[in-house]
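Here's the structure we're looking at; comments come further down.
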Amino acid sequence: MRKIRKFKKPIYVTQPYLPPLKEFVPYLKDVWDSKWLTNMGKYHQQFEKELADYLGVKHICLFANGTLALMTALQALRITGEVITTPFSFVATTHALHWNGITPVFCDIEPEYCNIDPDKIESLITPRTTAILPVHVYGNPCQVDKIQKIADTYGLKVIYDAAHAFCVRINGTSILNYGDLSILSFHATKVFTTFEGGAIICHDEKMKKRIDYLKNFGFADEVTVVGPGINAKMNEFSAALGLLQLRYIDKALEKRKKIAQLYRKKLAGIPGIRFLNDIPGVKHNYAYFPIFIDEKEYGKTRDEVYDELKKHNIYCRRYFYPLISQFSTYKGLSSASPENLPNAEKIAKEVLCLPIYAEINLSTVIKISHILKNQI
Ligand SMILES: Cc1ncc(COP(=O)(O)O)c(C=O)c1O
């Protein structure tokens, strides 16, 4: 077994890709001089248009973050009662339901790509069910056609939490064109960042108008408030950064693809380590590089591997452990019982997301792979 030296600087699971500062300064100066800092200013308007063109979607409403976008999407469609969702996500997915007074109903996931299992949705539908809230986990598309078929049969809305799925396409079409609404996050940990930020993608002008009112306290004009809106607007600094980021995103995605390909090459054939491959017809964004550790075959538990990597100064993340259904707010729900969620329970114990970001050194990826290969 080769001795591998600890990394001098910590290697985190991700790192934001930022444009050269000198290119951002003129935008900053312009916002400064104009004194128009927020409230749908010129950068907000320009970014909405350019982003919609870039992603290949009809309408985008920019938000201060993905969580507010989710909360507002539920309001925009007047979702109430129960919503069927996944426990295998970042906790904001379910919190958005809770903040709207909606009861989450957890559905198990399929064991390969870790998305909601469409075959288990129907049995969870009750007279109180109004919508399905799936997540394109790690940016891998849910089984959108099956989900839509169920929604159409039962008259349900579909809101996709596409926080991980920036730029993902199926057979040339943006993944964001599926469902009634999709939301994005531009948090610093995401493939595409505007410091903090988010968006709702919708398919018609009327809905865009409604969402735009809701994200601005419900104001339709100076004297008309159409509903209980919130303050969820993206500011001009974030919008300006977003515009600049659009010039660099293709390069960043290309680099991520290379990192994923290198991991796959180096980790192939290690007994007890599984990773995800590309899906035919899908344009991936390589937002995450999850591996799944079978402790019997590999000889160590996921948590032992996680701790060992930490000793090497490598900070992986156990996305998503614990399951949302295990948090105190939700674990009393009947749908949260572990026996209802066998795949999610198993995967939450096996998963480890390895560092992946555009500027990670290839030599770092090789070292991490060696550590895993030598079983540390
Ligand atoms: C799946 C998922 N949904 C929602 C969010 C919330 O987005 P934000 O941090 O922009 O509020 C995140 C991550 O942050 C996420 O990973």
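Quantities reported herein were computed from a predicted structural model and do not represent experimental measurements. Numbers here are sequence positions counted from 1. Worth knowing before you read on, the calculation uses all heavy atoms, side chains too, and leaves out hydrogens, waters and symmetry mates. Remember, it's 1-based here, ligands and their atoms both numbered in the order they're listed.
The shortest N or O to N or O distance between His164 and ligand 1 is under 3.5 Å. Considering both main-chain and side-chain atoms, Gly66 comes within under 3.5 Å of ligand 1 through a nitrogen or oxygen pair.
Using a non-hydrogen distance threshold of 4.0 Å, Gly197 registers as a contact of ligand 1. Using 4.0 Å as the threshold, Glu196 has no heavy atom nearer than that to any atom of ligand 1. Under a 4.0 angstrom heavy-atom cut-off, Ser89 registers as being in contact with ligand 1.
Scored by the side chain to side chain contact (heavy atoms under 4.5 Å, CB included) test, Gln45 finds no partners at all (sequence neighbours excluded).
For atom 3 (N) of ligand 1, the candidate residues are Asp161, Thr67, Thr194, Thr193; the nearest heavy-atom contact is made by Asp161.
Distance alone, capped at 3.5 Å, places no donor-acceptor pair between the His98 side chain and the Thr94 backbone. A donor-acceptor pair under 3.5 Å is absent between the side-chain atoms of Thr194 and the main chain of Ala239, judged by distance alone. For Glu236 (side chain) and Lys35 (main-chain N/O), no donor-acceptor pair under 3.5 Å exists by modelled atom type.
At a cut-off of 3.5 Å, with distance as the only test, a side-chain donor of Tyr330 or His95 sits close to an acceptor on the other residue.
Regarding atom 12 (C) of ligand 1, its nearest protein heavy-atom neighbour is Phe90 CD2, 3.5 Å. The protein heavy-atom contact nearest to atom 14 (O) of ligand 1 is Lys190 NZ, 3.1 Å.
For the residue pair Tyr12 and Tyr357, the shortest heavy atom distance occurs at O-CE2, 3.3 Å.
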